[in-house]
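Predicted model only: the values in this text are computed from it and were never measured.
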Amino acid sequence: MPVVFDVSGQMAMFRKPYTTTSSISFAFPPPTAIAGLISGIVGISNGSNDGGCNAKYWESLIGTKVSVALLSDISWMWHAINFWNVKQPQKSPHIQVKHQFVINPKYRIFVDGGIEDKLRCMLEKDSFKFTPYLGTAYAIADVVYIGQFSNQSLTEDEVAVDSVVPWNEKVRILNILDVGGAFKEEMPFKMDATRKFIESIEVLYSPSPLKKLLINKGAGDVTKCGNDVVAWFPRW
């Protein structure tokens with residue numbers, strides 16, 4: 001049965017990989033960031049002692065699927081952060097790089113797969129192997145266990161979803177004017193055990209958690225999990 005928990009913090013930064021001189025953030029954690037968060041809570045080693053590019057926890061997440069819901073409005077701020085100037089240290093030892101941060105974010109994470117028992121055990125004890133954070137190590141996350149619920153099938157084709165929606169050509173938004181529009185993002189979905197990018201995915205989400213997207217779910221994997229209607233990402 002899926003395990004559900006909330007994560008929040010003073011800020012978050014989920015860097016879009018195609019940004020260069022400035023670091024731009026996604027509004028919510030992409031599936032790749034959720035994979036790291038789950039693995040950190042459970043304590044699955046990434047194998048960095050054998051190589052800095054290792055992400056061996058992916059091997060333990062095969063067959064797992066996740067979903068994420070926004071529980072707070074999206075607010076942004078910009079800050080310049082000092083870095084070592086590795087390209088031209090003789091010119092200046094430091095450079096400043098602009099970063100975009102999500103302010104006071106709160107998300108609900110849903111996890112369904114073979115790792116639920118270990119994850120539930122750690123969440124119930126409020127004890128984590130590695131410090132959970134929201135994208136960057138200085139964005140520490142508060143984690144609250146919500147519960148473990150069964151997936152309930154939905155027979156109707158038109159459903160109001162609480163989570164972000166993985167998009168395919170058969171999914172249609174039916175109330176886009178009522179919610180004031182919707183955002184569409186392409187984000188990283190899966191990597192391998194050496195952090196090599198494998199696959200991306202497109203998602204739709206509402207600009208406000210109070211305005212749910214009414215969708216024709218098409219071939220999407222949509223269930224009721226506890227009190228939430230959840231659109232699931234594909235299994236890794």
Practice task
Could you tell me whether the side chain of His79 reaches within less than 4.5 Å of the side chain of Met77, counting heavy atoms only?
Solution key: yes
Exercise for the section: Please lay out, stage by stage, how Arg108 and Asp228 fare under the test salt bridge (Lys or Arg N to Asp or Glu O under 4.0 Å). Expected result: CA-CA 10 Å; Arg108 179 157 293 173; Asp228 299 296; 3.2 Å; yes
Problem - Heavy-atom pair of closest approach, residues Phe14 and Gly135 - result: CE2-N, 3.5 Å
Fill in the blank from the handout: In short, Val171 meets Pro166 closest at the heavy-atom pair CG2-O, 4.2 Å
Practice task
Side-chain contact test, heavy atoms from C-beta onward, threshold under 4.5 Å: evaluate it for Phe128 versus Leu37 and give yes or no.
Solution key: no
Practice task
Measure the acute angle between the ring planes of Trp236 and Trp58, then classify it against the limits of 30° and 60° as parallel, tilted or perpendicular.
Solution key: perpendicular
Practice task
Determine the minimum heavy-atom distance between Ser23 and Arg15, stating which atoms define it.
Solution key: OG-NE, 3.3 Å
Exercise for the section: Kindly indicate whether the side chain of Asp221, heavy atoms from C-beta on, has any atom under 4.5 Å from the side chain of Pro234. Expected result: no
Exercise for the section: List the atom of Ala27, the atom of Tyr107, and the distance in Å for their closest heavy-atom pair. Expected result: O-OH, 2.8 Å
Handout entry: Charged N-O contact under 4.0 Å between Asp112 and Arg235
Key = yes
Problem - Ring center gap for Tyr205 and Phe28 short of 6.0 angstrom - result: yes
Handout entry: Ile41-Val4 co-clustered via ILVMFWY side chain contacts under 4.5 Å
Key = no
Problem - Lys NZ or Arg CZ of Lys65 over Trp232 ring: under 6.0 Å, within 45° - result: yes
Practice task
Group every Ile, Leu, Val, Met, Phe, Trp and Tyr by side-chain heavy-atom contacts under 4.5 Å, then state whether Leu70 and Phe183 land in the same group.
Solution key: yes
Handout entry: Considering all heavy atoms, the nearest Ser208-Asp73 contact
Key = OG-OD1, 3.1 Å
Problem - Any side-chain heavy-atom pair of Val203 and Trp167 under 4.5 Å - result: no
Problem - Any side-chain donor near an acceptor of the partner, Thr223 and Gln152, under 3.5 Å - result: no
Fill in the blank from the handout: Heavy-atom nearest pair, Ser72 first then Asn104, reads OG-O, 3.5 Å
